[in-house]
Amino acid sequence: MRHYVGGGFDTSGDPFPLVDPANGRTVGEAPAASRELVDRAVVAARRALRGPWASWSPAERSRMLHRIADGIERRFEEFVARECADTGKPRELASTVDVPRAIANFRSYADLLTGRAERSWHTPTPDGRGALNYTVHKPLGVVAVISPWNLPLLLLTWKVAPALATGNTVVAKPSELTPGTACLLAEVMAEAGVPAGVFNLVHGEGSGAAGQWLTEHPGVDAVAFTGESRTGTSIMRAAAERLAPVSFELGGKNAGLVFADADLEQAVGGTLRSAFTHSGQVCLCTERVYVQRPVFEEFTDALAAGAGTLSEYGPMISAAHRDKVLGHLAKAAADGELRAGGGAPRFGDERDGGFWVEPTVLTGLAEDHPAVREEIFGPVVHLAPFDTEEEALALANAGPYGLAATVWTGDVSRAHRVAPALDVGIAWVNTWNLRDLRTPFGGVKASGIGREGGDHSLDFFSEPMNVCVKL
Ligand code: NAD
């Protein structure tokens, strides 16, 4: 595990342990960046802004992004193995979602970049000769990219790719729990000929360490962050000191709405996927499901039976996170009804030292119960009945978050009525997590600030400037 600063690898700093969440064993260590190293990374990124990188055309940057994607593709198995070792997620998930999406992140911004139109206007003037107005998009400068542990490579590259596409330089700080694939990415950047200082990587914790030092650094022009909402508050406070723009993708407490007219088999299958993919450790996972009363028992029985048969799932990321999830479950089991799961599974092998939690289905909790209001970020879903469409919308829209929601219905008019009325950034109808990288991605309320994806990312990572020429 190495930092990557100014085009060179660096192992300085006190080591911190890396733990395999599948068995709880310490399997390695990574160096924590000192404040001085964070400073060097920012200085290197600033210097690179004034180097040859500044004159690279969009076509050259686009070719470079494709070379980075080629580099990940060439080392695909290594990336998959490193992601699984860090997160404990099933190989199936890393090899079909995390690593392919990282490749797609670079390729899609490479393609969008070359097709990006600059706008111009002919403006009438009293002398009849007019003026030509046009827009030039400039990079923001040095961008800090701070990413979480749940989809480490996917979420890091989701920001690094558009930041580089638009000509910025980057200092990235991945989660201290999952630094592995970011290190491989730095190697790929070096192999792809990314100029020194254009991409920098520092490791370490967030609060009182590399993450905080980076967001407070006067040489950082913008912060792109994915993680918990309350971390977003701290980062926004730090960035506010110098009015640096932020793009935030934060927590969620996503609702699913199942109407009685839905294809129930499809709704059960989709909800199993949306609640338990990566053991619920995806920001888009569904943690609350509201089911129309006539089908509530049938749906709940089928979902509980499905949860009970899931075998391909991974552990929680850490002992602390497992304890938080089990704490929620203990309280929820006392106050409501456990329909499936509810505890830590026993395997009778080394996994018993790991941080596993059973896929869990709950019913009978009040809407203000912590397990229904707070983000658990584990394999836990609560089901409650509703009667009318209005009631379903009110339940889904309650609470502090607004990231994503899923609607299951066979009525096309209802789908178009309900989906846009949800207070979220993304609403899926009869599917979950079907993503087109050109669409806007982000949340409302405590779930985020700004939109990423497609042109929205290119807009965030660049500053539009107006040039007016009198003719
Ligand atoms: P986290 O906020 O604890 O940490 C995220 C990153 O921020 C890490 O790299 C961490 O070291 C750093 N950090 C922590 N405190 C910091 C500080 N004061 N200053 C600067 N950096 C700091 O989040 P997590 O536990 O790694 O990830 C899980 C959370 O992320 C969940 O809330 C989940 O919903 C959210 N998430 C959201 C999205 C989305 O797209 N909306 C996607 C994935 C995860």
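Whatever order the structure lists ligands and atoms in, that order sets their numbers, starting from 1. The first residue in the sequence is number 1, and the count goes up from there.
Distances from atom 23 (O) of ligand 1 to the heavy atoms of E205, E228, R237 show the closest one on E228.
Both the sub-6.0 Å distance and the 45° axial angle are not jointly satisfied by R82 relative to the ring of F79.
For the ring pair (Phe, Tyr, Trp, His ring centres under 6.0 Å) criterion with H321, the lone passing option out of W149, F355, W356 is W149.
Between E452 and S247, the side chains place a donor N or O and an acceptor N or O closer than 3.5 Å (distance only, hydrogens not considered). Side-chain polar atoms of D86 and T178 form no donor-acceptor pair below 3.5 angstrom. Between the side chains of H3 and N200, no donor-acceptor pair is found at a separation under 3.5 Å. In this model, a donor atom of one side chain and an acceptor atom of the other lie less than 3.5 Å apart for T439 and R435. H369 and D335 share a side-chain donor-acceptor pair at under 3.5 Å. At a cut-off of 3.5 Å, with distance as the only test, a side-chain donor of E367 or Y290 sits close to an acceptor on the other residue. Residues T181 and E83 bring a donor and an acceptor atom of their side chains to less than 3.5 Å of each other. Of the N and O atoms on the side chains of K138 and S462, not one donor lies less than 3.5 Å from an acceptor on the other residue.
What you find for E374 and K253 is that their closest heavy atoms are O-NZ, 2.7 Å.
With a 4.0 Å heavy-atom cut-off, ligand 1 is reached by no atom of L151. Of the heavy atoms in S147, only backbone atoms (N, CA, C, O) come closer than 4.0 Å to ligand 1. When heavy-atom distances to ligand 1 are checked against a 4.0 Å cut-off, T226 comes that close through both its backbone and its side chain. Counting heavy atoms closer than 4.0 Å to ligand 1, residue N150 contributes side-chain atoms (C-beta onward) but none from N, CA, C or O. At a heavy-atom distance under 4.0 Å, only backbone atoms of L250 (N, CA, C or O) approach ligand 1. With a 4.0 Å heavy-atom cut-off, ligand 1 is reached by no atom of R230. Contacts of E176 with ligand 1, taken as heavy-atom pairs under 4.0 Å, involve the side chain alone. Neither the backbone nor the side chain of L177 comes within contact range of ligand 1; no heavy atom lies under 4.0 Å.
Using a 4.0 Å cutoff on heavy atoms, P174 counts as a contact of ligand 1. At least one heavy atom of F225 sits less than 4.0 Å from an atom of ligand 1. Distances shorter than 4.0 angstrom occur between a heavy atom of S175 and an atom of ligand 1.
With respect to atom 35 (C) of ligand 1, the closest heavy atom belonging to the protein is G227 O, 3.3 Å. Closest to atom 36 (N) of ligand 1, if we only count protein heavy atoms, is C283 CB, 3.6 Å. Scanning all protein heavy atoms for the shortest distance to atom 25 (O) of ligand 1 gives W149 NE1, 2.8 Å. At the shortest separation from atom 12 (C) of ligand 1 among protein heavy atoms lies I146 CG2, 3.7 Å. Of all protein heavy atoms, the one closest to atom 27 (O) of ligand 1 is P148 CB, 3.3 Å. Of all protein heavy atoms, the one lying nearest to atom 3 (O) of ligand 1 is T231 OG1, 4.0 Å. When hydrogens are left out, the protein atom nearest atom 28 (C) of ligand 1 is F377 CE2, 3.7 Å; that is the closest non-hydrogen contact.
Ligand 1 places these atoms under 4.0 Å from at least one heavy atom of L155: 42 (C), 43 (C). Counting atoms of ligand 1 from 1 in the listed order, those under 4.0 Å from a heavy atom of F441 are 40 (O). Of all atoms in ligand 1, numbered sequentially from 1 with element shown, those under 4.0 Å from a heavy atom of G211 are 19 (N), 20 (C), 21 (N). Listed by number with element, the atoms of ligand 1 under 4.0 Å from a non-hydrogen atom of I235 are 19 (N), 20 (C), 21 (N). Of all the atoms in ligand 1, the ones that sit under 4.0 Å from a non-hydrogen atom of L403 are 41 (N).
Atom 19 (N) of ligand 1 is flagged as protein-proximal [any protein heavy atom, distance under 4.0 Å].
Ligand 1 has no nitrogen or oxygen under 3.5 angstrom from a nitrogen or oxygen of T215. Any N or O atom pair closer than 3.5 Å counts here, and E375 shares at least one such pair with ligand 1. Polar contact check, G206 against ligand 1: a nitrogen or oxygen pair lies under 3.5 Å apart. Looking at S447 next to ligand 1, no N or O pair under 3.5 Å apart turns up.
Looking only at side-chain heavy atoms (C-beta outward), R25 and V19 stay at 4.5 Å or farther from each other. Taking 4.5 Å as the limit, some side-chain heavy atom of H203 sits within range of a side-chain heavy atom of L201.
Within a 6.0 Å radius of CZ in R230, other residues, nucleotides and ligands contribute 12 heavy atoms or fewer. Other residues, nucleotides and ligands contribute only 12 or fewer heavy atoms inside 6.0 Å of the CD atom of E92.
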>> What verdict does the side-chain contact (heavy atoms from CB on, under 4.5 Å) test give for I235 and F248, after you've listed the backbone C-alpha separation in whole Å, the side-chain angles of each residue and the deciding distance to 0.1 Å?
In response: CA-CA 10 Å; I235 292 179; F248 282 174; 3.8 Å; yes
> Can you list the steps and then say if T169 with F199 is a side-chain contact (heavy atoms from CB on, under 4.5 Å)?
Replying inline: CA-CA 6 Å; T169 59; F199 175 79; over 6 Å; no
